[in-house]
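As the structure is a prediction and not an experimental result, all values here were calculated from the model. Naming convention: chains lettered A, B, ... in sequence-line order (proteins, then strands); numbering from 1 in each chain. Just so it is clear, the values below take in all heavy atoms, side chains as well, and ignore hydrogens, waters and symmetry mates.
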There are 2 protein chains.
Amino acid sequence: MSTSQLDLKMIDCPALFTIQLISGKWKTRILWHLRSGAAGFGELKRALPGISPKVLTQHLDALVSDGLLARSQWNEANVIHSAYDYTDYGRTLIPVLDALGNWSANQRAAVQ
Amino acid sequence: MSTSQLDLKMIDCPALFTIQLISGKWKTRILWHLRSGAAGFGELKRALPGISPKVLTQHLDALVSDGLLARSQWNEANVIHSAYDYTDYGRTLIPVLDALGNWSANQRAAVQ
DNA sequence: CAGAATCCTTATGGATACTG
DNA sequence: CAGTATCCATAAGGATTCTG
(Lines give C-alpha, C1' and ligand atoms only; values in the text may rest on other atoms or scores of the structure.)
Protein backbone atom coordinates (compact mmCIF):
# COMPACT_ATOMS: atom_id res chain seq x y z
CA MET A 1 0.00 0.00 0.00
CA SER A 2 3.03 2.23 0.12
CA THR A 3 2.80 5.12 -2.24
CA SER A 4 6.38 6.19 -2.06
CA GLN A 5 7.23 4.91 -5.50
CA LEU A 6 7.18 7.37 -8.34
CA ASP A 7 5.21 6.74 -11.44
CA LEU A 8 4.89 8.22 -14.89
CA LYS A 9 1.44 9.52 -14.01
CA MET A 10 2.96 11.62 -11.27
CA ILE A 11 5.29 13.38 -13.62
CA ASP A 12 2.32 14.52 -15.66
CA CYS A 13 0.47 15.36 -12.49
CA PRO A 14 2.76 16.07 -9.55
CA ALA A 15 -0.21 16.77 -7.31
CA LEU A 16 -1.08 13.10 -7.57
CA PHE A 17 1.93 12.03 -5.56
CA THR A 18 0.93 14.20 -2.63
CA ILE A 19 -2.69 13.17 -2.88
CA GLN A 20 -1.81 9.53 -2.69
CA LEU A 21 0.08 10.07 0.54
CA ILE A 22 -2.89 11.62 2.26
CA SER A 23 -5.79 9.80 0.64
CA GLY A 24 -7.68 7.29 2.65
CA LYS A 25 -10.72 7.54 4.80
CA TRP A 26 -8.80 8.54 7.94
CA LYS A 27 -5.32 9.65 6.90
CA THR A 28 -6.05 13.33 6.75
CA ARG A 29 -7.73 13.22 10.11
CA ILE A 30 -4.78 11.42 11.66
CA LEU A 31 -2.37 13.96 10.23
CA TRP A 32 -4.61 16.80 11.31
CA HIS A 33 -4.85 15.51 14.85
CA LEU A 34 -1.09 15.11 15.15
CA ARG A 35 -0.53 18.74 14.24
CA SER A 36 -1.03 19.54 17.90
CA GLY A 37 1.56 16.98 18.99
CA ALA A 38 2.34 13.30 19.14
CA ALA A 39 -0.30 10.83 20.15
CA GLY A 40 -0.47 7.18 21.08
CA PHE A 41 -2.52 4.49 19.43
CA GLY A 42 -5.27 4.73 22.03
CA GLU A 43 -5.51 8.49 21.90
CA LEU A 44 -5.82 8.38 18.14
CA LYS A 45 -8.44 5.72 18.42
CA ARG A 46 -10.45 7.87 20.79
CA ALA A 47 -9.95 10.90 18.59
CA LEU A 48 -11.39 9.04 15.63
CA PRO A 49 -14.64 7.53 16.81
CA GLY A 50 -15.68 4.65 14.63
CA ILE A 51 -12.27 3.59 13.45
CA SER A 52 -11.35 -0.01 14.09
CA PRO A 53 -7.93 -0.98 15.42
CA LYS A 54 -7.17 -2.83 12.22
CA VAL A 55 -7.87 0.16 10.03
CA LEU A 56 -6.05 2.53 12.35
CA THR A 57 -3.03 0.24 12.16
CA GLN A 58 -3.26 0.11 8.37
CA HIS A 59 -3.33 3.86 8.03
CA LEU A 60 -0.57 4.45 10.56
CA ASP A 61 1.60 1.82 8.90
CA ALA A 62 1.12 3.51 5.55
CA LEU A 63 1.96 6.94 6.94
CA VAL A 64 5.04 5.57 8.67
CA SER A 65 6.13 3.62 5.63
CA ASP A 66 5.72 6.72 3.49
CA GLY A 67 7.97 8.54 5.91
CA LEU A 68 5.46 11.10 7.11
CA LEU A 69 5.18 9.76 10.65
CA ALA A 70 7.50 8.01 13.05
CA ARG A 71 6.56 5.53 15.71
CA SER A 72 8.17 5.14 19.08
CA GLN A 73 7.34 2.78 21.88
CA TRP A 74 8.27 2.12 25.47
CA ASN A 75 7.22 0.15 28.52
CA GLU A 76 5.59 1.44 31.66
CA ALA A 77 4.72 -0.98 34.40
CA ASN A 78 5.04 -3.78 31.90
CA VAL A 79 2.53 -2.16 29.56
CA ILE A 80 3.40 -1.13 26.06
CA HIS A 81 2.87 2.46 25.04
CA SER A 82 3.33 3.99 21.64
CA ALA A 83 3.56 7.43 20.15
CA TYR A 84 3.15 8.58 16.61
CA ASP A 85 4.56 11.88 15.55
CA TYR A 86 5.54 13.75 12.43
CA THR A 87 8.96 13.21 10.96
CA ASP A 88 10.81 16.28 9.74
CA TYR A 89 9.81 15.23 6.25
CA GLY A 90 6.18 14.83 7.27
CA ARG A 91 6.18 18.19 8.95
CA THR A 92 6.90 19.89 5.65
CA LEU A 93 3.49 18.68 4.56
CA ILE A 94 1.66 20.66 7.23
CA PRO A 95 1.52 23.91 5.22
CA VAL A 96 -0.01 21.93 2.39
CA LEU A 97 -2.62 20.48 4.72
CA ASP A 98 -3.27 24.02 5.90
CA ALA A 99 -3.80 25.11 2.30
CA LEU A 100 -6.38 22.37 1.91
CA GLY A 101 -8.05 23.32 5.17
CA ASN A 102 -8.06 27.03 4.46
CA TRP A 103 -9.61 26.52 1.07
CA SER A 104 -12.51 24.59 2.53
CA ALA A 105 -12.92 27.09 5.34
CA ASN A 106 -13.08 29.90 2.82
CA GLN A 107 -15.66 28.08 0.76
CA ARG A 108 -17.82 27.53 3.80
CA ALA A 109 -17.52 31.15 4.79
CA ALA A 110 -18.46 32.28 1.30
CA VAL A 111 -21.61 30.16 1.30
CA GLN A 112 -22.93 31.70 4.50
CA MET B 1 -21.09 10.05 -4.46
CA SER B 2 -21.35 13.79 -4.13
CA THR B 3 -19.14 15.11 -1.41
CA SER B 4 -20.70 18.54 -1.22
CA GLN B 5 -22.42 17.87 2.09
CA LEU B 6 -20.70 19.02 5.19
CA ASP B 7 -20.08 16.70 8.04
CA LEU B 8 -18.96 16.93 11.63
CA LYS B 9 -15.65 15.28 10.71
CA MET B 10 -14.89 18.15 8.39
CA ILE B 11 -15.25 20.72 11.10
CA ASP B 12 -12.58 18.91 13.09
CA CYS B 13 -10.53 18.50 9.94
CA PRO B 14 -11.30 21.08 7.28
CA ALA B 15 -8.67 19.60 4.99
CA LEU B 16 -10.88 16.55 4.69
CA PHE B 17 -13.53 18.40 2.75
CA THR B 18 -11.06 19.45 0.10
CA ILE B 19 -9.48 16.03 -0.04
CA GLN B 20 -12.80 14.37 -0.68
CA LEU B 21 -13.42 16.60 -3.66
CA ILE B 22 -10.19 15.58 -5.32
CA SER B 23 -9.80 12.00 -4.19
CA GLY B 24 -10.34 9.25 -6.67
CA LYS B 25 -8.01 7.45 -8.95
CA TRP B 26 -8.31 9.97 -11.79
CA LYS B 27 -9.80 13.14 -10.37
CA THR B 28 -6.57 14.95 -9.77
CA ARG B 29 -5.34 14.10 -13.20
CA ILE B 30 -8.54 15.38 -14.80
CA LEU B 31 -8.29 18.61 -12.88
CA TRP B 32 -4.62 18.92 -13.69
CA HIS B 33 -5.22 18.42 -17.39
CA LEU B 34 -7.97 21.04 -17.47
CA ARG B 35 -5.66 23.67 -16.02
CA SER B 36 -4.50 24.32 -19.56
CA GLY B 37 -8.06 24.79 -20.79
CA ALA B 38 -11.35 23.04 -21.41
CA ALA B 39 -11.42 19.60 -22.95
CA GLY B 40 -14.02 17.27 -24.37
CA PHE B 41 -14.80 13.76 -23.28
CA GLY B 42 -12.67 12.21 -26.01
CA GLU B 43 -9.68 14.43 -25.37
CA LEU B 44 -9.78 13.58 -21.69
CA LYS B 45 -10.06 9.93 -22.52
CA ARG B 46 -6.98 10.15 -24.72
CA ALA B 47 -5.15 12.16 -22.10
CA LEU B 48 -5.77 9.46 -19.51
CA PRO B 49 -4.71 6.20 -21.12
CA GLY B 50 -6.33 3.26 -19.42
CA ILE B 51 -9.43 4.98 -18.17
CA SER B 52 -12.71 3.43 -19.23
CA PRO B 53 -15.61 5.57 -20.45
CA LYS B 54 -17.70 4.52 -17.49
CA VAL B 55 -15.11 5.59 -14.97
CA LEU B 56 -14.37 8.82 -16.79
CA THR B 57 -18.09 9.59 -16.70
CA GLN B 58 -18.24 8.79 -13.01
CA HIS B 59 -15.38 11.11 -12.16
CA LEU B 60 -16.61 13.92 -14.38
CA ASP B 61 -20.10 13.62 -12.95
CA ALA B 62 -18.71 13.86 -9.44
CA LEU B 63 -16.60 16.91 -10.29
CA VAL B 64 -19.55 18.60 -11.97
CA SER B 65 -21.92 17.73 -9.16
CA ASP B 66 -19.44 19.10 -6.64
CA GLY B 67 -19.40 22.32 -8.62
CA LEU B 68 -15.75 22.25 -9.62
CA LEU B 69 -16.37 21.68 -13.31
CA ALA B 70 -19.07 22.66 -15.76
CA ARG B 71 -20.17 20.71 -18.79
CA SER B 72 -21.35 22.18 -22.06
CA GLN B 73 -22.42 20.45 -25.22
CA TRP B 74 -23.32 21.27 -28.79
CA ASN B 75 -23.93 19.66 -32.12
CA GLU B 76 -21.71 19.74 -35.16
CA ALA B 77 -22.80 17.94 -38.31
CA ASN B 78 -25.25 15.98 -36.20
CA VAL B 79 -22.53 14.79 -33.87
CA ILE B 80 -22.55 15.60 -30.20
CA HIS B 81 -19.54 17.35 -28.73
CA SER B 82 -18.88 18.17 -25.11
CA ALA B 83 -16.53 20.33 -23.15
CA TYR B 84 -15.57 20.25 -19.52
CA ASP B 85 -14.07 23.28 -17.91
CA TYR B 86 -13.49 24.77 -14.49
CA THR B 87 -16.22 26.78 -12.88
CA ASP B 88 -15.17 29.98 -11.14
CA TYR B 89 -15.51 28.05 -7.92
CA GLY B 90 -13.39 25.20 -9.24
CA ARG B 91 -10.76 27.60 -10.43
CA THR B 92 -10.16 28.76 -6.87
CA LEU B 93 -8.90 25.27 -6.20
CA ILE B 94 -6.05 25.54 -8.68
CA PRO B 95 -3.63 27.23 -6.27
CA VAL B 96 -4.29 24.42 -3.83
CA LEU B 97 -3.52 21.85 -6.51
CA ASP B 98 -0.37 23.80 -7.21
CA ALA B 99 0.56 23.60 -3.56
CA LEU B 100 0.17 19.84 -3.71
CA GLY B 101 2.19 19.65 -6.89
CA ASN B 102 4.94 21.93 -5.68
CA TRP B 103 5.37 19.97 -2.51
CA SER B 104 5.89 16.74 -4.41
CA ALA B 105 8.24 18.45 -6.85
CA ASN B 106 10.30 19.78 -3.96
CA GLN B 107 10.48 16.38 -2.34
CA ARG B 108 11.66 14.82 -5.55
CA ALA B 109 14.28 17.50 -5.99
CA ALA B 110 15.48 17.00 -2.43
CA VAL B 111 15.93 13.28 -2.93
CA GLN B 112 18.15 13.72 -5.92
C1' DC C 1 -2.00 -0.85 25.87
C1' DA C 2 -1.15 -1.71 21.20
C1' DG C 3 -1.89 -4.15 18.03
C1' DA C 4 -2.55 -8.99 15.02
C1' DA C 5 -5.73 -12.24 13.00
C1' DT C 6 -9.86 -13.47 10.86
C1' DC C 7 -13.85 -12.93 8.36
C1' DC C 8 -17.05 -10.06 6.02
C1' DT C 9 -19.31 -5.87 3.51
C1' DT C 10 -18.98 -2.17 0.60
C1' DA C 11 -16.83 1.12 -2.42
C1' DT C 12 -14.18 1.78 -6.33
C1' DG C 13 -12.55 0.84 -10.59
C1' DG C 14 -12.47 -1.84 -15.05
C1' DA C 15 -13.76 -4.41 -19.71
C1' DT C 16 -16.82 -4.61 -23.06
C1' DA C 17 -20.77 -3.97 -25.85
C1' DC C 18 -24.23 -0.93 -27.13
C1' DT C 19 -27.03 3.64 -28.27
C1' DG C 20 -28.71 8.46 -29.75
C1' DC D 1 -18.80 11.70 -30.36
C1' DA D 2 -20.26 11.10 -25.86
C1' DG D 3 -21.70 8.67 -23.32
C1' DT D 4 -25.04 4.13 -20.92
C1' DA D 5 -25.63 -0.47 -19.45
C1' DT D 6 -24.03 -4.70 -17.69
C1' DC D 7 -21.22 -7.61 -15.49
C1' DC D 8 -17.00 -8.41 -13.07
C1' DA D 9 -12.49 -7.84 -10.12
C1' DT D 10 -10.17 -5.80 -6.61
C1' DA D 11 -9.31 -2.64 -3.05
C1' DA D 12 -10.63 -0.45 1.00
C1' DG D 13 -12.77 -0.43 5.11
C1' DG D 14 -15.17 -2.59 9.22
C1' DA D 15 -16.57 -5.82 13.34
C1' DT D 16 -14.93 -8.79 16.37
C1' DT D 17 -11.94 -11.68 18.93
C1' DC D 18 -7.49 -12.64 20.61
C1' DT D 19 -2.50 -11.99 22.33
C1' DG D 20 2.17 -10.34 24.30
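The terminal axes of the helix from dC1(C)-dG20(D) to dG20(C)-dC1(D), fitted over 5 pairs per end, subtend an angle of 50° to the nearest 10°.
With a 4.5 Å cut-off on side-chain heavy atoms, D85(A) and L69(A) do not count as touching. Within the 4.5 Å cutoff, the side chain of I22(A) has no heavy atoms near those of the L63(A) side chain. Between L93(B) and Y86(B), every side-chain heavy-atom pair lies at or beyond the 4.5 Å cut-off.
Residues satisfying the side chain to side chain contact (heavy atoms under 4.5 Å, CB included) test with D88(B), not counting sequence neighbours, are R91(B). With sequence neighbours left out, W32(A) forms a ring pair (Phe, Tyr, Trp, His ring centres under 6.0 Å) with no residue at all. Partners of Y84(B) under the side chain to side chain donor-acceptor pair (under 3.5 Å) rule, at least two apart in sequence or in another chain, are R71(B). Checked against side chain to side chain contact (heavy atoms under 4.5 Å, CB included), K9(B) has the following partners two or more places apart in sequence or in another chain: R29(A), D7(B), L16(B). Partners of N78(A) according to the side chain to side chain contact (heavy atoms under 4.5 Å, CB included) rule, which considers only residues two or more places apart in sequence or in another chain, are N75(A).
One can place CD1 of I30(B) at 14 Å from C1' of dA2(D), the figure rounded to the nearest angstrom. A straight line from NZ of K45(B) to P of dG3(D) spans 12 Å, rounded to a whole angstrom. Nucleotide dT12(C) holds its C1' atom 18 Å from the CD1 atom of I22(B), rounded to whole Å. Counting to the nearest Å, the C1' atom of dA2(C) and the OH atom of Y84(A) are 8 Å from each other. Rounded to an integer number of Å, the gap from L56(B) CG to dT12(C) P is 17 Å. Across the protein-nucleic acid pair, L60(A) atom CG and dG3(C) atom P stand 7 Å apart, rounded to whole Å. Taking atom CG of residue L48(A) and atom C1' of nucleotide dA15(D), one finds them 17 Å apart after rounding to whole Å.
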Could you pull out every donor-acceptor pair under 3.5 Å between side chains of residues 41-48 of chain B and any protein atom, sequence neighbours left out?
| residue | atom | partner | partner atom | Å |
| --- | --- | --- | --- | --- |
| E43(B) | OE2 | H33(B) | NE2 | 3.1 |
| K45(B) | NZ | I51(B) | O | 3.2 |

Compile the donor-acceptor pairs under 3.5 Å between side chains in residues 95-103 of chain A and protein atoms, sequence neighbours left out, one pair per line.
| residue | atom | partner | partner atom | Å |
| --- | --- | --- | --- | --- |
| D98(A) | OD1 | R35(A) | NH1 | 2.2 |
| N102(A) | ND2 | D98(A) | O | 3.2 |
| W103(A) | NE1 | T92(B) | O | 3.3 |
| W103(A) | NE1 | T92(B) | OG1 | 3.0 |

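Counting only residues at least two apart or on different chains, no salt bridge (charged side-chain N to carboxylate O under 4.0 Å, His left out) pair has a member in residues 53-65 of chain A.
In this structure, T57(A) reaches the sugar-phosphate backbone alone: every heavy-atom distance under 4.0 Å involves primed, P, OP1 or OP2 atoms, never a base.
Residues from residues 67-79 of chain A that place a heavy atom under 4.0 Å from any atom of DNA chain D: there are none. Heavy-atom distances under 4.0 Å link DNA chain D to F41(B), G42(B) of residues 35-44 of chain B, given in residue order.
Side-chain N or O atoms of S82(B) include none that pairs as donor or acceptor with a backbone N or O of G40(B) at under 3.5 Å. Between the S104(A) side chain and the P14(B) main chain, a donor and an acceptor come within less than 3.5 Å of each other. A donor-acceptor contact shorter than 3.5 Å links the side chain of T87(A) to the backbone of G67(A).
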| note | Per-nt protein contacts along nucleotides 14-20 of chain C (heavy atom under 4.0 Å; B base, S backbone sugar-phosphate only, - none) come out as BBB----
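At dC1(C), none of the side-chain N or O atoms of S82(A) fall inside 4.0 Å of OP1 or OP2 (strictly under the cut-off).
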